[in-house]
Amino acid sequence: MMKFHDLLDNAKCYGQIRQYRWPDGVCCPHCLSQDVTRQGKDDTQPEKQRYRCKQTVLED
């Protein structure tokens with residue numbers, strides 16, 4: 001269950017969203033691979049983590 005106080009600051013809010021979106025760990029929305037790496041933070045929202053699928057990189 002989501003608690004209101006977990007949504008009051010951006011870092012906690014992004015953490016809750018990440019937990020609900022990927023309860024079993026972060027995965028690629030295109031191929032569903034869990035072979036992903038962190039790719040820094042968003043320029044305009046520093047609490048927002050970026051990810052990149054390693055499988056997609058291999059196919060390019």
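None of the values given here were measured: they were computed from a predicted structure. Residue numbers count from 1 along this sequence.
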Non-hydrogen atoms of Pro29 and Arg21 that approach each other most closely: CB-NH2, 4.0 Å
Would you check if Arg38 and Arg50 make a side-chain contact, meaning some heavy-atom pair closer than 4.5 Å? no
Do Trp22 and Val36 belong to the same hydrophobic cluster, where Ile, Leu, Val, Met, Phe, Trp and Tyr are linked whenever their side-chain heavy atoms lie under 4.5 Å apart, directly or via other members? yes
What distance separates Glu47 CD from Asn10 CG, expressed to the nearest 0.5 Å? 4.5 Å
Quick check for you: to the nearest 0.5 Å, what is the distance between Cys28 atom SG and Gln34 atom CD? 11.0 Å
For Cys31 and Gln55, work out which heavy atoms get closest and say how close. SG-CB, 4.2 Å
